[in-house]
Amino acid sequence: QVQLVESGGGLVQAGGSLRLSCAASGRTLSTYTMGWFRQVPGQAREFVASISWSGRRTYYTDSVKGRFTISRDNAKNMVYLQTNSLKPEDTAVYYCAAGLVELTNTGAYDYNYWGQGTQVTVSS
């Protein structure tokens with residue numbers, strides 16, 4: 001079992017930045033692809049970014065390319081999402097997920113473990 005806890009969300013003005021963190025416990029994350037997803041009430045959970053188990057490869061949805069950066073520290077069992085140039089449409093609950101999946105697999109149902117989410121609100 002893997003337990004994931006997100007932190008770092010908050011209220012920020014458009015153009016601002018937030019660094020989201022995901023702390024894992026229970027098992028090492030080093031064998032898992034890690035992903036960040038986001039969800040707006042009434043909408044499906046949306047893929048944002050993923051990172052390979054080694055950290056060498058990353059994958060992003062088009063809307064965040066060049067603005068968001070995913071990273072991981074396997075020694076600390078941590079995953080991060082640096083969000084820059086935030087827009088009001090980035091407002092959502094952001095979830096960290098772990099899965100034995102391909103890097104480019106954007107399906108939420110294929111990930112095995114989830115955190116409880118952290119709210120990101122971007123004001124215009």
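Remember, predicted model here, so these are calculated numbers, not experimental data.
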Looking at [X] and [Y], what are the two nearest heavy atoms and their distance?
X    : Y   : value
V48  : V64 : O-CG2, 3.7 Å
S17  : V12 : N-CG2, 3.9 Å
Y111 : S50 : OH-CB, 3.8 Å
T118 : G8  : OG1-N, 4.2 Å
A24  : V2  : CB-CG1, 4.4 Å
M34  : C96 : CE-SG, 3.6 Å

How long is the span from the [atom1] atom in [X] to the [atom2] atom in [Y], to the nearest 0.5 Å?
X    : Y   : atom1 : atom2 : value
R38  : E46 : CZ    : CD    : 4.5 Å
E89  : S63 : CD    : OG    : 8.5 Å
Q1   : S25 : CD    : OG    : 10.5 Å
Y32  : R27 : OH    : CZ    : 4.0 Å
I70  : I51 : CD1   : CD1   : 5.5 Å
T104 : Y59 : OG1   : OH    : 6.0 Å

Please check if [X] and [Y] belong to a single hydrophobic cluster, counting links between Ile, Leu, Val, Met, Phe, Trp and Tyr side chain heavy atoms closer than 4.5 Å.
X    : Y   : result
F47  : L86 : no
W36  : L4  : yes
V120 : L81 : yes
L20  : V93 : no
Y95  : Y80 : no

Query raised in the report: Any chance CD of Q3 has more than 12 other-residue heavy atoms, nucleotides or ligands included, within less than 6.0 Å?
Result: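 Atom CD in Q3 is packed in, count exceeds 12.
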**Report entry** CA sep, side-chain torsions, deciding dist, call: W114, R45, side-chain contact (heavy atoms from CB on, under 4.5 Å)
**Finding:** CA-CA 12 Å; W114 292 87; R45 196 162 292 189; 3.3 Å; yes
Quick check: does any side chain N or O of [X] sit under 3.5 Å from a backbone N or O of [Y], one acting as donor and the other as acceptor?
X    : Y    : value
T83  : F68  : no
E6   : Q116 : yes
N74  : S54  : no
N112 : L100 : yes
R72  : S52  : yes
N77  : L29  : yes

Flag the pair [X] / [Y] as yes when at least one side-chain heavy-atom distance between them is below 4.5 Å, and no otherwise.
X   : Y   : answer
T69 : Y60 : yes
T33 : W53 : no
R67 : D90 : yes
T91 : V40 : no

Report task. Take M78 and S21 through the test side-chain contact (heavy atoms from CB on, under 4.5 Å) and record every step on the way to the result. Result -> CA-CA 7 Å; M78 295 290 296; S21 298; 3.9 Å; yes
Query raised in the report: Is the closest basic N to carboxylate O distance between D62 and K65 below 4.0 Å?
Result: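 Yes, charged N to carboxylate O under 4.0 Å.
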